[in-house]
Amino acid sequence: MRDDTLHEPEQALHVEDLTVTYGANPVLWDIDLDIPPGVMCAIVGPNGAGKSTLIKAALGLVRPVAGHVRFLGRPIGQMRGQIGYVPQRHSVDWDFPTTARDVVEMGLYRDLGWLRRPGKAEHARALAALAEVGMQDYADRQISQLSGGQQQRVFIARALVQDAPILILDEPMAGVDASTEAIIIALLKKLRDAGRTVIVVHHDLTTVQSYFDWLVMLNVRIIAQGPVAQTYSADNLRAAYGRHLAMIAVPAEEAAS
Amino acid sequence: MTAIIDLFSSDIVQTVLIGAALLGAISGMLGAFAVLRRQSLLGDALSHAALPGVCLGFLIAGGRDLGSVMVGAFATGALAALVMMLIVRRTSLKTDAALGIVLSVFFAVGIVLLTVIQTQGGSGSLGLMTFLFGQAAAILRSDLWVMGGVGLVALLLVLAFWKEFKLVSFDAAFARAQGFPVTALEAVLTVMVALAIVVGLQLVGVVLMVALLIAPAAAARQWTNSLGGMVVLSAAIGAASGAGGALVSATTRGLATGPVVVLIATGIVMVSLLIAPGRGLVWQATAARRARARISDGRVLATLQGFAQMHDDAGYPSERGMLQVALGVKPPAATLASLESRGLIRSVTHPPETTPHWELTKAGHSEAAALSGQPETRQRTT
């Protein structure tokens with residue numbers, strides 16, 4: 001059954017004709033999207049634009065009514081271990097009785113396979129991943145006792161521990177303070193510079209230009225995609241956000257012209 | 001004393017004790033996962049929906065045969081879960097409404113069947129009533145093998161899929177993205193909860209069964225910070241409640257087992273909610289009181305001075321809530337009163353707000369300034 005024919009292998013993420021509906025309403029309509037490897041890409045768009053849905057459909061968490069998705073040429077089923085996924089922080093109950101290190105080890109469960117428990121090697125890898133996000137001192141801390149920014153970093157460590165070439169993060173900057181945001185961005189840039197592909201659902205337009213080098217602008221349809229320098233324009237922002245919110249784009253308009 | 005020894009050597013009491021402890025342990029273990037997955041109320045719907053199945057099993061087998069009763073209970077419970085899933089997916093009703101509808105409809109059908117069987121009479125129809133509120137004394141020695149089997153299967157499954165169950169309970173979306181068969185794992189957990197309910201019906205009955213799922217888990221969560229600890233402790237609390245309830249109802253005439261078991265389990269929950277270290281209410285209150293006692297006069301003055309400087313207003317009226325946030329705890333009334341009586345602060349009103357405000361007096365400002373450079377003044381910046 002396994003089809004080893006690569007389709008668009010030169011793209012880290014290739015999406016074609018993707019349509020997702022909730023009931024009768026299209027949440028994503030006819031998405032054609034290519035994100036090359038080694039970029040740090042922001043997916044932006046107004047509320048309800050389908051940003052999270054796009055990620056979930058790409059990861060196979062939401063079933064599309066049409067279209068297909070490829071990571072480095074392969075369908076998601078063959079790429080599970082090579083994509084680090086950071087869901088929205090509020091999607092889980094942080095009062096769950098477990099420690100930071102334990103959560104990070106969850107990123108290794110897939111590699112462990114059935115019936116095997118994490119051992120010394122996994123503990124060490126989890127600690128190393130926590131150290132990468134500056135959380136090594138909190139390894140044995142209850143996750144309920146961590147601040148929002150620390151919880152977010154634990155989530156990122158869980159994706160890092162897999163050593164995946166592609167990282168997908170859903171609103172990692174939501175509800176974290178400025179210093180945590182700086183830590184996260186520095187880390188993501190470091191990963192990008194090491195050759196990984198980093199895809200981030202982002203909501204803060206003011207930081208798009210300083211954080212990212214690739215941009216996907218979304219509002220049910222694709223409004224624009226490509227290098228930030230070319231896509232972050234007043235016209236595109238107006239098309240995605242409507243007239244009023246495009247006010248944010250005034251400095252960008254100057255920069256672009 | 002000899003009466004108690006006699007009691008324990010009695011075959012029936014032994015059976016009842018072992019059975020009740022087993023049922024409590026099984027539902028405690030599986031209840032921990034149900035509570036963490038926020039499926040406690042699904043357990044309630046499943047147990048109520050088991051009643052028509054109990055009656056049907058009784059009708060088909062022509063008597064109170066545990067095997068057919070359990071199969072029937074499991075069948076209607078599963079049907080109820082399916083109907084609920086369909087309602088949530090296909091209609092605009094939310095989970096809680098779907099749960100309420102399914103629970104009451106299935107329970108109503110069960111009651112109708114129960115009364116039909118009772119009017120038909122028959123020697124066994126009395127035994128059926130025990131499924132409403134549970135009757136530990138009705139447990140037979142042969143039933144223990146069924147319960148033990150179910151318990152063993154559940155234990156083996158939990159041990160074998162420990163990390164998968166943990167992952168699915170904590171973050172199902174991540175598990176799915178990692179390629180785990182989340183739907184199958186969740187189905188196994190739900191089916192196990194349904195099994196626990198089915199075997200627990202005899203002890204606690206359909207009406208109160210959900211308490212035996214939730215209460216041990218809720219109590220256990222208070223005392224431990226690891227999933228393993230929670231599951232083990234929850235099973236232990238369930239077993240203790242079951243055994244305790246069975247003993248009480250075996251030694252006291254006319255006490256139904258189910259309610260006693262539930263009362264013991266919820267009693268443990270109450271105690272745990274109050275005194276468990278770290279999470280208990282009394283513990284937290286004590287910790288807050290200790291923290292309040294550490295609030296010195298100087299820190300209050302320094303905080304008020306900090307607010308005044310921040311606002312560039314020597315007479316800045318600081319609201320109690322602001323003091324509380326800056327100090328980390330509510331400033332003790334005694335501290336404020338003593339500062340006021342020493343003429344360092346004065347209580348002021350700040351319309352339209354009706355809450356108490358304080359400002360530093362002249363003496364208070366010089367006192368605060370004199371304290372500056374001392375450790376307390378660092379509070380200003382935090």
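Sequence lines set the chain letters: A, B, ... in the order given, protein chains first and strands last, and positions in each chain run from 1. These values consider heavy atoms only, across backbone and side chains, with no hydrogens, waters or symmetry-generated copies.
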Need one label for A/I76: side chain, backbone, both or neither, based on atoms under 4.5 Å from any heavy atom in chain B.
neither

Could you check which of A/T99, A/D102, A/I168, A/I143 has the highest count of heavy-atom pairs closer than 4.5 Å to chain B?
A/D102

Identify which part of A/Q162 has an atom lying under 4.5 Å from any heavy atom of chain B, answering side chain, backbone, both or neither.
side chain

Proximity breakdown for A/V86 and chain B, heavy-atom pairs closer than 4.5 Å:
neither

Tabulate below the donor-acceptor pairs under 3.5 Å that side-chain atoms of residues 270-280 of chain B make, not counting sequence neighbours, or state none.
| residue | atom | partner | partner atom | Å |
| --- | --- | --- | --- | --- |
| B/S272 | OG | B/W223 | NE1 | 2.8 |
| B/S272 | OG | B/I268 | O | 2.6 |
| B/R279 | NE | B/Q222 | OE1 | 3.4 |
| B/R279 | NH1 | A/D95 | OD1 | 3.1 |
| B/R279 | NH2 | A/D95 | OD2 | 2.8 |

Working to the nearest 0.5 Å, report the span between CZ of A/F96 and CZ of B/R221.
9.0 Å

Do B/R38 and A/D93 come within less than 4.5 Å of each other through their side chains, counting heavy atoms only?
yes

Please confirm whether A/R158 makes a cation-pi placement over B/F174, using NZ or CZ under 6.0 Å from the six-membered ring centre and within 45° of the ring normal.
yes

Where does B/F170 contact chain A at under 4.5 Å (heavy atoms): side chain, backbone, both or neither?
both

When heavy-atom pairs shorter than 4.5 Å are enumerated against chain A, which of B/V182, B/T224, B/L227 gives the highest number?
B/L227

Can you name the residues of residues 112-132 of chain A that have some heavy atom under 4.5 Å away from a heavy atom in chain B?
A/L112, A/G113, A/W114, A/L115, A/R116, A/R117, A/P118

Rounded distance (nearest 0.5 Å) linking atom CD of A/Q142 with atom CG of B/N225
3.5 Å

Check: A/Y85 and B/D171 side chains under 4.5 Å, non-hydrogen atoms
no

With chain B, the option among A/I83, A/L59, A/V103, A/L61 that has the most non-hydrogen atom pairs under 4.5 Å is A/L61

Could you grab the distance from atom CD of B/Q178 to atom CZ of A/R110, nearest 0.5 Å is fine?
6.5 Å

Pairwise distance CZ(B/F180) to CE(A/M106) - rounded to 0.5 angstrom
10.5 Å

